[in-house]
Amino acid sequence: MPARSIRTPLGWISLTEQDGAITALTWSRKGDDRTALLDEATRQLSAYFAHDLKTFDLPLQPRGGAFQQSVNAAMQAIPYGETREYGEIARDLDAMPQPVGNACGGNSIAIIIPCHRVVGATGLGGFSAPGGVETKVALLRHEGAYSLLI
């Protein structure tokens with residue numbers, strides 16, 4: 001599968017493409033393949049970190065079953081700079097907050113599917129990227145979601 005790495009303020013991030021869709025974002029330096037989709041995904045990710053893009057427009061095919069996909073859709077519906085609680089998403093999906101949290105942690109295309117925008121009722125909750133919650137805080141600050149962090 002073609003993969004392209006990009007240096008970001010959070011370190012190296014790699015995007016993987018399969019069958020014309022982005023299938024993964026990993027926190028590593030993995031490849032330097034050139035495809036039209038990886039070029040566009042890299043452009044959009046660079047624009048996001050330059051504060052020039054708030055909504056990604058890429059074909060995505062994240063891993064996971066039906067519940068994971070429903071949580072992914074809920075995360076994608078959270079606007080840039082805003083947050084939702086695990087419990088709010090759970091209520092919308094008629095689920096419990098813990099499986100929602102697990103699905104957020106299982107998100108295979110972080111940042112583009114913004115799991116960092118999902119927080120706990122009394123705190124930030126977790127984050128499965130290197131750096132953990134500090135990386136989540138960096139992404140929320142990048143988007144101007146300061147009210148949660150004060």
Side-chain angles (χ1 to χ4, degrees), residues 1 3-19 21-30 37 40-150:
M1 290 179 278
R4 173 69 122 353
S5 299
I6 177 176
R7 179 171 223 128
T8 74
L10 302 174
W12 284 98
I13 291 176
S14 293
L15 298 157
T16 303
E17 173 187 348
Q18 183 176 7
D19 299 327
I22 299 298
T23 57
L25 181 147
T26 56
W27 305 86
S28 64
R29 189 171 185 184
K30 190 172 172 179
L37 177 56
E40 179 59 18
T42 300
R43 185 196 69 73
Q44 287 189 30
L45 204 53
S46 294
Y48 168 82
F49 281 111
H51 297 281
D52 293 331
L53 181 87
K54 295 183 178 183
T55 304
F56 291 93
D57 183 20
L58 297 165
L60 305 176
Q61 189 164 0
R63 292 186 298 266
F67 183 72
Q68 178 73 55
Q69 300 306 329
S70 65
V71 174
N72 288 346
M75 291 186 290
Q76 287 179 286
I78 304 169
Y80 179 97
E82 295 183 22
T83 60
R84 289 197 66 211
E85 294 176 8
Y86 298 103
E88 292 175 310
I89 292 173
R91 278 190 298 278
D92 290 348
L93 299 178
D94 195 26
M96 298 297 293
Q98 185 172 0
V100 169
N102 291 339
C104 289
N107 174 15
S108 61
I109 312 175
I111 301 175
I112 296 170
I113 298 176
C115 50
H116 60 279
R117 296 179 189 157
V118 184
V119 298
T122 59
L124 290 171
F127 199 59
S128 59
V133 173
E134 289 181 20
T135 301
K136 185 174 192 169
V137 167
L139 287 164
L140 291 172
R141 283 193 174 147
H142 170 79
E143 294 185 7
Y146 294 118
S147 63
L148 179 72
L149 304 173
I150 294 174

Might you work through the side-chain hydrogen bond (donor to acceptor under 3.5 Å, both in side chains) test for Gln68 and Asn72, ending with a clear yes or no?
CA-CA 6 Å; Gln68 178 73 55; Asn72 288 346; 3.0 Å; yes
Could you check Ile111 against Phe49 for side-chain contact (heavy atoms from CB on, under 4.5 Å), going step by step and ending with a plain yes or no?
CA-CA 10 Å; Ile111 301 175; Phe49 281 111; 3.9 Å; yes
Going through the distances and angles, do His142 and Leu10 end up as a side-chain contact (heavy atoms from CB on, under 4.5 Å)?
CA-CA 11 Å; His142 170 79; Leu10 302 174; over 6 Å; no
side-chain contact (heavy atoms from CB on, under 4.5 Å) evaluation trace for Val137 with Phe127:
CA-CA 9 Å; Val137 167; Phe127 199 59; over 6 Å; no
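Annotation for Ser70 and Leu93: closest pair OG-CD1, 3.8 Å, computed over non-hydrogen atoms. Closest approach of Ala90 and Pro97 over heavy atoms only: CB-N, 3.6 Å. When every heavy atom of Tyr86 is checked against every heavy atom of Gly125, the shortest pair comes out as OH-CA, 3.9 Å. Of all heavy-atom pairs between Phe67 and Pro99, the closest is CE2-O, 3.5 Å. Between Ala110 and Leu25, the shortest heavy-atom contact is O-CD1, 3.2 Å. The minimum heavy-atom distance between Cys104 and Cys115, with the atom names listed, is O-CB, 3.8 Å.
Looking only at side-chain heavy atoms (C-beta outward), Thr135 and Pro130 stay at 4.5 Å or farther from each other. The closest side-chain heavy-atom distance from Ile113 to Phe56 is not below 4.5 Å. Taking the side chain as every heavy atom from C-beta outward, Ile6 and Trp12 never approach each other to under 4.5 Å.
The aromatic rings of Tyr80 and Tyr48 sit perpendicular to each other, their planes meeting at more than 60°, with 30° as the lower class boundary.
Separating the CD1 atom in Ile89 from the CZ atom in Arg91 is a distance of 10.5 Å, to the nearest 0.5 Å. Here Thr26 contributes atom OG1 and Leu15 contributes atom CG; the two are 8.0 Å apart, rounded to the nearest 0.5 Å. Residue His116 holds its NE2 atom at 10.5 Å from CE of Met75, rounded to the nearest 0.5 Å. Rounding to the nearest 0.5 Å places CG of Asn107 at 9.0 Å from CZ of Arg63. Residue Thr23 holds its OG1 atom at 5.5 Å from CD of Gln18, rounded to the nearest 0.5 Å.
Counting only distance, with no hydrogens or angles, the side chain of Ser14 and the backbone of Ser28 share a donor-acceptor pair below 3.5 Å. Of the possible polar contacts, one joining the Ser5 side chain to the Lys30 backbone as a donor-acceptor pair under 3.5 Å is found. When atom types are taken as modelled, the side chain of Lys136 and the backbone of Val118 share a donor-acceptor pair closer than 3.5 angstrom. Thr83 contributes no side-chain N or O that, together with a main-chain N or O of Val119, makes up a donor-acceptor pair within less than 3.5 Å.
Within a 6.0 Å radius of CD in Gln69, other residues, nucleotides and ligands contribute more than 12 heavy atoms.
When the options Thr55, Asp52, Leu58, Ile112 are evaluated for a side-chain contact (heavy atoms from CB on, under 4.5 Å) with Gln44, the one that passes is Leu58. The salt bridge (charged side-chain N to carboxylate O under 4.0 Å, His left out) with Arg117 is formed by just one residue from the set Glu143, Glu82, Glu88; it is Glu143.
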